[in-house]
Amino acid sequence: MLNIINISGGIVIILGILIAITGIIQCRKRISDENDYIPAEAEIIKMESRLSIVIINLIPIIAKEYRPIIRFFTKEGREICTSLPYAMKMSDECGELFGMCESHTAITIRYNPKKPYEIYYHSKKNFRIRETFYKFLAGGVLIALGAFMVWGSFRV
């Protein structure tokens with residue numbers, strides 16, 4: 001006999017399956033898109049800074065963040081000036097970028113050939129896999145919750 005708990009449990013199971021599948025599809029698409037990006041040598045023109053509030057161990061801290069403004073040339077020879085995301089002053093990446101800026105060392109970036117302003121420095125593949133794992137985990141929890149709801153309705 002169908003009741004509201006059975007229907008709700010089924011909906012929660014379907015939602016969990018959809019979240020897990022969406023995470024896998026997004027990860028595969030983003031990783032394949034990332035593989036299509038073209039490497040280029042970029043020069044750091046300057047470093048911009050800003051103050052932001054960061055919460056560390058439930059304590060708000062005012063931190064200084066930096067982002068490099070870079071210039072590179074596309075494969076077609078077009079000059080692009082853009083910026084990388086902000087990084088906290090105390091991070092290893094920020095220190096590395098400051099060193100490259102002071103020594104005028106070129107950094108290797110990858111850019112989207114269709115939209116050259118979409119760039120990244122270092123691979124984001126591990127982030128994509130971690131993002132998918134979290135969606136898969138959330139989907140698994142929802143599937144287990146829905147299964148428990150359906151099982152519990154038959155026990156009553």
Side-chain angles (χ1 to χ4, degrees), residues 1-42 44 47-70 72 74-75 80-98 100 107-156:
M1 175 172 173
L2 285 177
N3 60 19
I4 192 73
I5 296 177
N6 277 345
I7 295 170
S8 299
I11 291 172
V12 170
I13 290 172
I14 291 170
L15 184 64
I17 291 170
L18 289 175
I19 287 174
I21 290 172
T22 301
I24 292 169
I25 291 171
Q26 276 182 342
C27 178
R28 291 180 61 131
K29 183 179 180 330
R30 288 180 180 169
I31 287 175
S32 70
D33 286 349
E34 188 176 296
N35 290 335
D36 293 339
Y37 281 31
I38 298 172
E41 294 295 314
I44 299 175
M47 297 288 277
E48 288 184 349
S49 66
R50 73 174 181 189
L51 292 176
S52 65
I53 297 176
V54 180
I55 297 177
I56 299 175
N57 295 331
L58 301 174
I59 300 170
I61 298 172
I62 297 175
K64 197 162 195 175
E65 294 181 320
Y66 291 93
R67 81 171 171 190
I69 306 299
I70 62 169
F72 68 95
T74 63
K75 195 167 67 171
I80 304 290
C81 288
T82 188
S83 63
L84 291 172
Y86 280 100
M88 287 183 50
K89 183 178 181 180
M90 60 188 108
S91 69
D92 292 335
E93 184 177 354
C94 188
E96 176 186 342
L97 291 170
F98 259 113
M100 291 178 155
I107 64 171
T108 302
I109 54 129
R110 296 179 72 85
Y111 70 93
N112 185 347
K114 297 172 188 160
K115 301 175 193 171
Y117 289 96
E118 282 185 18
I119 61 169
Y120 70 86
Y121 175 64
H122 293 303
S123 177
K124 302 285 186 202
K125 195 172 288 187
N126 289 339
F127 172 75
R128 304 288 185 218
I129 292 170
R130 191 171 52 240
E131 183 181 43
T132 301
F133 175 74
Y134 293 146
K135 287 181 182 170
F136 199 74
L137 187 66
V141 168
L142 287 175
I143 291 169
L145 179 65
F148 181 73
M149 289 170 69
V150 170
W151 175 76
S153 70
F154 287 125
R155 302 272 303 168
V156 173

Query raised in the report: What do the steps show when you test Ile107 against Ile44 for side chain to side chain contact (heavy atoms under 4.5 Å, CB included), and what is the final call?
Result: CA-CA 8 Å; Ile107 64 171; Ile44 299 175; 4.3 Å; yes
**Report entry** Worked check of side chain to side chain contact (heavy atoms under 4.5 Å, CB included) between Ile61 and Ile53
**Finding:** CA-CA 6 Å; Ile61 298 172; Ile53 297 176; over 6 Å; no
Requested in this report: Please assess Ser49 against Glu65 for the test side chain to side chain donor-acceptor pair (under 3.5 Å), listing each intermediate value before the final yes or no.
Outcome: CA-CA 6 Å; Ser49 66; Glu65 294 181 320; over 6 Å; no
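Scanning all heavy atoms of the two residues, the minimum distance from Ser83 to Ile119 falls at O-CD1, 4.1 Å. Closest non-hydrogen pair, Ala42 versus Ile109, comes out as CB-CG1, 3.9 Å. Nearest approach of Pro68 to Pro85, heavy atoms of both residues: CD-O, 4.3 Å. Shown here for Arg110 and Tyr37, the closest heavy-atom pair between the two residues is NH2-O, 2.8 Å. The two atoms that bring Tyr117 and Cys81 nearest to each other are CE2-O, 3.5 Å, heavy atoms only. Summarising the geometry of Thr132 relative to Gly23, their closest heavy-atom pair is OG1-O, 3.2 Å, with the distance given to 0.1 Å.
If you take CD1 on Ile19 and CD1 on Ile14, they are separated by 12.5 Å, rounding to the nearest 0.5 Å. Taking CD1 of Ile70 as the reference point, atom CD1 of Ile80 lies at 10.0 Å (rounded to 0.5 Å). Taken to the nearest 0.5 Å, the CD1 atom of Ile143 stands 7.5 Å off from the CZ atom of Phe136. Of the inter-residue distances, the one linking Tyr111 atom OH with Asp36 atom CG reads 12.5 Å to the nearest 0.5 angstrom. The OH atom of Tyr66 lies 8.0 Å from the CE atom of Met47; values are rounded to the nearest 0.5 Å. The structure places OG of Ser8 at 12.0 Å from CG of Leu15, a figure rounded to the nearest 0.5 Å.
Side-chain N or O atoms of Asn112 include one that pairs as donor or acceptor with a backbone N or O of Lys114 at under 3.5 Å. Between the side chain of Arg67 and the backbone N or O of Leu84, no donor-acceptor pair lies under 3.5 Å.
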